[in-house]
Asks: 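Got a structure here, written out as structure tokens. Questions coming.
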Amino acid sequence: MERDGFRNHGAAGPYRLRSILLCSDVHLTDDQPELTRYFCDWLEQQAQMEKPEAILILGDLFDAWVGDDVLDFGQQFAANAVINCLSLIGRQGIKIGLMHGNRDFLLGESFAQRCGADLLPDPFTITVKPDMTITLTHGDQLCTQDIHYLEFRAQVRSDLWQQRFLSQPLEHRLALAKNLRAQSEQEKKGKPMDIMDITPAEAVMLTDRHQSAVLIHGHTHRPGSNVMTNGKTRWVLPDWETNASGALIRGGGILADRHGVRPINAASRLTL
Ligand code: LP5
Ligand code: MN
């Protein structure tokens, strides 16, 4: 596939893919190598079994990403495992797309190229079959009641902020990201649950604007599906987690093809 294939398609309308495997919110970190192994094994198994036309990762693949230059320093077990896994799958003819999440919005072209992947715009709309157009998004932009987060988001997504941040030494960036993760966990304890969920009217508007029958997103870590007030279906991807002994307790994705949309639970069927 040519580079930027997904991205440059925007103006031509929905991208046509006959089958897609979706996942998000894996939150990979070198502190949890088992999680990386589960995830890569699962992707490789699904690629073999389901042979989707594309695998699209809808954000928060990494727990925190402070710039592609991390790849030039040290071991980077999780990042290198993902690069190996995705490029292997890509060589089997499966397209790979990466969407930014709120933890890894600094993933760049350099990382994508090493994976043989394209960075996806958010939202991204695809057509699986004539009557099934699906809008994909990380989901954070639908949480419009979380005013503090959206203000923070506007700041860190600006080119100027990103240029300044990326020009700081790597160790400084890693320390800032660690602080920010801790602060985020702390703040979430004080935020009402509904503020941290999507605003239903936003999801309705998004699907109406893109004339899609289905919306699939991650971010909220509340997997499941529901029919919205406009009659369209919203699916939420699961996040991934291992327990203290390193066993996978949550994870999986969604497969969409001509048969419809179905969740795939990784936690129930994988052993290392
Ligand atoms: O991620 P999660 O699930 O915990 O919570 C999100 C929102 N939090 C975030 C922050 C990320 O967790 C941290 C990402 C670190 C890696 C990024 C690399 C770049 C480093 C940048 C270093 C400065 O996205 C959380 C939402 C929640 O989802 C549910 O939607 O509520 O939002 C927050 O917690 C944000 C706070 O409400 C506002 C934070 C203000 C912090 C100000 C610090 C200033 C730092 C400088 C920025 C310009
Ligand atoms: Mn997220």
Side-chain angles (χ1 to χ4, degrees), residues 22-32 35 39 56-71 73 76 78-79 98-108 110-111 119-120 122-124 136-200 202-203 206 215-223 234-241 250-251 253-254:
L22 303 163
C23 59
S24 70
D25 302 280
V26 198
H27 304 145
L28 297 175
T29 149
D30 282 358
D31 298 339
Q32 291 163 282
L35 181 59
F39 177 64
L56 309 180
I57 301 176
L58 301 187
D60 288 0
L61 172 59
F62 293 101
D63 193 51
W65 190 263
V66 299
D68 287 3
D69 58 336
V70 293
L71 298 169
F73 297 90
Q76 302 304 326
L98 298 174
M99 188 179 279
H100 287 140
N102 57 298
R103 309 268 192 99
D104 55 9
F105 58 88
L106 289 172
L107 279 177
S110 166
F111 177 77
L119 293 174
L120 298 175
D122 181 357
F124 183 61
L136 308 170
T137 176
H138 178 59
D140 56 329
Q141 293 175 92
L142 298 173
C143 302
T144 52
Q145 292 188 82
D146 198 344
I147 307 283
H148 285 134
Y149 168 66
L150 288 181
E151 284 172 1
F152 165 74
R153 186 185 193 279
Q155 197 173 358
V156 298
R157 297 294 179 109
S158 78
D159 287 343
L160 184 62
W161 184 88
Q162 294 194 0
Q163 276 164 24
R164 282 197 194 135
F165 181 75
L166 291 171
S167 68
Q168 296 182 39
L170 179 60
E171 273 176 20
H172 189 198
R173 278 179 275 149
L174 288 168
L176 275 171
K178 197 172 170 191
N179 284 344
L180 192 55
R181 285 290 308 117
Q183 187 174 342
S184 181
E185 291 305 320
Q186 195 55 37
E187 288 203 22
K188 284 194 296 185
K189 288 184 190 149
K191 284 184 192 176
M193 285 302 275
D194 62 329
I195 284 188
M196 291 187 288
D197 203 351
I198 64 139
T199 303
E202 294 290 333
L206 185 66
L215 171 68
I216 303 179
H217 68 84
H219 182 67
T220 60
H221 310 173
R222 300 177 205 200
R234 175 172 77 100
W235 286 86
V236 185
L237 289 156
D239 58 320
W240 289 63
E241 193 174 351
R250 238 181 9 265
I254 284 178

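One-based numbering, in listed order, for ligands and for the atoms of each. These figures come from a predicted structure and were not determined experimentally. Worth knowing before you read on, the calculation uses all heavy atoms, side chains too, and leaves out hydrogens, waters and symmetry mates.
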Asks: Which label fits Trp161 and Phe105: parallel for a plane angle under 30°, tilted from 30 to 60°, or perpendicular past 60°?
Replies: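 Because their plane-to-plane angle lies in the 30° to 60° range, the rings of Trp161 and Phe105 count as tilted.
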Asks: Side chain, backbone, both or neither: which part of Arg173 comes within less than 4.0 Å of ligand 1 when only heavy atoms are counted?
Replies: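 For Arg173, no heavy atom sits under 4.0 Å from ligand 1.
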Asks: With a 4.0 Å cut-off on N to O distance, would you call Glu185 and Arg181 a salt bridge?
Replies: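 Counted as a salt bridge, because a side-chain N and a carboxylate O are separated by less than 4.0 Å.
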Asks: Output yes when the distance from some N or O of ligand 1 to some N or O of Asp63 is under 3.5 Å, and no in every other case.
Replies: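 Min N/O separation from ligand 1 is not below 3.5 Å for Asp63.
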Asks: Taking a cutoff of less than 4.0 Å between a non-hydrogen atom of the residue and any ligand atom, is Asp140 in contact with ligand 1?
Replies: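 No, that is not the case, since the closest heavy atom of the residue is not under 4.0 Å from the ligand.
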Asks: Rounded at 0.5 Å granularity, tell me how far CD in Gln141 sits from CD1 in Ile198.
Replies: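 Going from CD on Gln141 over to CD1 on Ile198, the span is 12.5 Å.
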Asks: Students should be able to answer this: which protein heavy-atom is nearest to atom 8 (N) of ligand 1, and at what distance?
Replies: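 Answer, as residue, atom name and distance: Ser184 OG, 2.9 Å.
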Asks: Protein heavy atoms near atom 45 (C) of ligand 1, is at least one of them under 4.0 angstrom away?
Replies: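 It does not: no protein heavy atom is found less than 4.0 Å away from atom 45 (C) of ligand 1.
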Asks: What is the closest protein heavy atom to atom 20 (C) of ligand 1, and at what distance does it sit?
Replies: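 Of the protein heavy atoms, Phe165 CZ, 3.5 Å lies nearest.
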Asks: Any side-chain heavy atom of Phe165 within less than 4.5 Å of one from Val66?
Replies: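 Touching, per the 4.5 Å side-chain cut-off.
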Asks: Which option out of Phe105, Trp65, Trp161 puts a heavy atom nearest to atom 21 (C) of ligand 1?
Replies: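 It is Trp161 whose heavy atom sits nearest to atom 21 (C) of ligand 1.
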Asks: Find all atoms of ligand 1 within a distance of less than 4.0 Å from any non-hydrogen atom belonging to Ala64, and give their numbers and elements.
Replies: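 Near Ala64, the atoms of ligand 1 are 16 (C).
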Asks: Calculate, to the nearest 0.5 Å, the distance between atoms CH2 and OG1 belonging to Trp65 and Thr29 respectively.
Replies: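 So the gap between those two atoms works out to 11.5 Å.
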Asks: Which of the atoms in ligand 1, numbered in the order shown and given with their element, are less than 4.0 Å from a heavy-atom of Gln183?
Replies: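 Taking each heavy atom of Gln183 in turn, ligand 1 has 41 (C) under 4.0 Å.
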Asks: Using the rule given for side chain to side chain donor-acceptor pair (under 3.5 Å), can you reason through Glu151 versus Gln155, listing the C-alpha separation, both sets of side-chain angles and the distance that settles it, and then say yes or no?
Replies: CA-CA 6 Å; Glu151 284 172 1; Gln155 197 173 358; over 6 Å; no
Asks: Give the contacting part of Lys191 toward ligand 1: side chain, backbone, both or neither, where contact means a heavy-atom distance below 4.0 Å.
Replies: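 Lys191 to ligand 1: side-chain contact only, backbone stays beyond 4.0 Å.
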Asks: Given Met196, His221, Arg181, which has its nearest heavy atom closest to atom 12 (O) of ligand 1?
Replies: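 It is Arg181 that holds the nearest heavy atom.
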Asks: Within the 3.5 Å criterion, strictly below it, is a donor on Asp60 or Ser24 matched to an acceptor on the partner's side chain?
Replies: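 No, no side-chain donor-acceptor pair sits under 3.5 Å.
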Asks: Could you tell me which N, O or S atom of His219 is nearest to the Mn ion (ligand 2)?
Replies: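 Checking each N, O and S atom of His219, the shortest distance to the Mn ion (ligand 2) belongs to ND1.
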Asks: Between Val66, Asp146, Asn179, which one has a non-hydrogen atom sitting closest to atom 26 (C) of ligand 1?
Replies: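 Among Val66, Asp146, Asn179, the closest heavy atom to atom 26 (C) of ligand 1 comes from Asp146.
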Asks: Less than 3.5 Å between some nitrogen or oxygen of Gln155 and one of ligand 1, yes or no?
Replies: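 No, there is no polar N/O contact under 3.5 Å.
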Asks: For Gly253 versus Pro238, what's the shortest heavy-atom pair and its separation?
Replies: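 Scanning both residues completely, I find the closest heavy atoms to be N-CG, 4.2 Å.
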Asks: Is it the case that Asp25 and His219 place a side-chain donor and acceptor less than 3.5 Å from each other?
Replies: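 Judged by distance alone, the side chains do not pair up.
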Asks: Applying a strict 4.0 Å limit to heavy atoms, is His219 in contact with ligand 1?
Replies: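 True for this residue.
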Asks: Under 4.0 Å from any heavy atom of Glu185, which atoms of ligand 1 are there?
Replies: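 Here the atoms of ligand 1 in question are 4 (O).
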Asks: Tell me whether Arg164 is salt-bridged to Asp159, with the criterion being a basic N under 4.0 Å from an acidic carboxylate O.
Replies: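 Asp159 and Arg164: not salt-bridged.
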Asks: Look at Asp60 and state whether any of its N, O or S atoms is less than 2.8 Å from the Mn ion (ligand 2).
Replies: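 It does: Asp60 brings an N, O or S atom closer than 2.8 Å to the Mn ion (ligand 2).
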Asks: For the residue pair His100 / Arg157, report whether a side-chain donor-acceptor contact shorter than 3.5 Å exists.
Replies: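 No, because no side-chain N or O of Arg157 sits under 3.5 Å from a partner of the opposite role on His100.
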Asks: Examine all N, O or S atoms of Asn102, backbone included, and report whether one is under 2.8 Å from the Mn ion (ligand 2).
Replies: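 Coordinating: yes.
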Asks: Any idea which protein heavy atom is nearest atom 24 (O) of ligand 1, and the distance to it?
Replies: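 Ranked first by proximity to atom 24 (O) of ligand 1 is Asn102 ND2, 2.8 Å.
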Asks: Are any of the side-chain heavy atoms of Leu22 and Trp235 separated by less than 4.5 Å?
Replies: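 No - every pair of side-chain heavy atoms lies 4.5 Å or more apart.
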Asks: Which heavy-atom pair separates Arg250 from Asp239 by the least distance, and what is that distance?
Replies: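 Smallest interatomic distance, heavy atoms only, reads NH2-OD2, 2.9 Å.
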Asks: Could you find the nearest protein heavy atom to atom 36 (C) of ligand 1 and give me its residue, atom name and distance?
Replies: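 The closest heavy atom on the protein side is Glu187 OE1, 3.1 Å.
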Asks: When only distance counts, is Lys188 in polar contact with ligand 1, meaning an N/O pair under 3.5 Å?
Replies: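 Yes, Lys188 has an N/O under 3.5 Å of an N/O on ligand 1.
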